[in-house]
**Q** 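So that we are looking at the same thing, I have put the structure below in structure tokens.
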Amino acid sequence: MDEAGDVAIHRVGADSRLILDRDGVLHVFYQDATTLDLLEAHPLPGGGFSRQTLAGDERPYAGAFGFYIDAATTDTGYAVVCHRIDRQADPEAAGLHLILRPPVER
């Protein structure tokens, strides 16, 4: 279901990565191919998952994110790199996008 409670089908998983952070927390990084956003999800202590958009929901539009994802644990959290494409730019823009995040608060 989406935020409004409506059933929504989003295609995910073609480009995804799993890592364990330094505290043993599993992180799943993936592209929502429907919205072209890069997302991160991790399990919550009481069950379920927390999900956040890392890139792709910027306004103004900054491009499609989440192609060819790679991720690694760092001393200060995690790093994620992916390919970004902006076909609305003139000229068309593409390149790597790096995201550095602190560890998850548990």
Side-chain angles (χ1 to χ4, degrees):
M1 292 193 169
D2 64 14
E3 287 77 18
D6 297 324
V7 174
I9 297 173
H10 290 259
R11 302 194 186 287
V12 299
D15 285 312
S16 60
R17 290 293 175 268
L18 305 173
I19 65 167
L20 290 175
D21 70 17
R22 64 183 182 175
D23 297 322
V25 177
L26 172 70
H27 295 268
V28 181
F29 302 95
Y30 62 98
Q31 181 196 58
D32 182 329
T34 305
T35 62
L36 299 175
D37 296 339
L38 173 64
L39 295 105
E40 179 270 343
H42 61 271
L44 296 170
F49 277 81
S50 171
R51 182 181 67 184
Q52 66 176 323
T53 301
L54 298 179
D57 61 351
E58 297 82 7
R59 300 292 176 255
Y61 178 77
F65 292 83
F67 302 97
Y68 312 109
I69 301 166
D70 206 354
T73 302
T74 68
D75 289 339
T76 58
Y78 60 82
V80 182
V81 65
C82 70
H83 192 73
R84 176 189 71 89
I85 301 169
D86 184 353
R87 293 199 169 142
Q88 294 180 7
D90 186 21
E92 183 176 300
L96 293 178
H97 184 72
L98 176 65
I99 299 164
L100 300 172
R101 291 289 172 138
V104 173
E105 295 293 325
R106 304 257 320 154

**Q** Which residues pass the side-chain hydrogen bond (donor to acceptor under 3.5 Å, both in side chains) test with Gln52, not counting sequence neighbours?
**A** Glu40
**Q** Which pair of non-hydrogen atoms, one from Ala71 and one from Ile19, has the smallest distance, and what is that distance?
**A** O-CG2, 3.7 Å
**Q** What donor-acceptor contacts under 3.5 angstrom involve side-chain atoms of residues 61-70, with partners at least two apart or in another chain?
**A**
{"residue": "Tyr61", "atom": "OH", "partner": "Ala64", "partner atom": "N", "Å": "3.3"}

**Q** Would you sort out whether Leu54 and Arg101 count as a side chain to side chain contact (heavy atoms under 4.5 Å, CB included), showing the intermediate values?
**A** CA-CA 9 Å; Leu54 298 179; Arg101 291 289 172 138; 3.7 Å; yes
**Q** Assess whether side chain to side chain contact (heavy atoms under 4.5 Å, CB included) is satisfied between Asp86 and Glu92, documenting all intermediate values.
**A** CA-CA 6 Å; Asp86 184 353; Glu92 183 176 300; over 6 Å; no
**Q** Measure the shortest side-chain to side-chain distance between Phe29 and Val80 over non-hydrogen atoms and say whether it is less than 4.5 angstrom.
**A** yes
**Q** Write down the atom of Ser16, the atom of Tyr30, and the distance for their closest heavy-atom approach.
**A** CB-CB, 3.9 Å
**Q** Can you list everything that forms a salt bridge (charged side-chain N to carboxylate O under 4.0 Å, His left out) with Arg59? Sequence neighbours excluded, please.
**A** none
**Q** Give a yes or no on whether the backbone of Asp75 and the side-chain of Arg22 come within a donor-acceptor separation of less than 3.5 Å.
**A** yes
**Q** Hey, does Ile99 have a side-chain heavy atom less than 4.5 Å from the side chain of Leu38?
**A** yes
**Q** Enter the distance from Asp15:CG to His83:NE2 here, rounded to the nearest 0.5 Å.
**A** 11.0 Å
**Q** Ignoring hydrogens and geometry, is there a side-chain-to-backbone donor-acceptor pair from Asp37 to Leu39 under 3.5 Å?
**A** no
**Q** Donor-acceptor pair, distance only, cut-off 3.5 Å: does the side chain of Asp23 make one with the backbone of Val25?
**A** no
**Q** Mind checking the CZ-CG spacing from Arg84 to Leu96? Nearest 0.5 Å is all I need.
**A** 10.0 Å
**Q** Could you measure the distance from the OG atom of Ser50 to the NE2 atom of His27? Nearest 0.5 Å is fine.
**A** 10.0 Å
**Q** CD/Gln31 to CG/Leu36 distance, rounded to the nearest 0.5 angstrom?
**A** 5.5 Å
**Q** Drop me the distance from Glu58's CD to Thr53's OG1, to the nearest 0.5 angstrom.
**A** 9.0 Å
**Q** May I ask you to test the His42-Leu26 pair for a side-chain heavy-atom distance under 4.5 Å?
**A** no
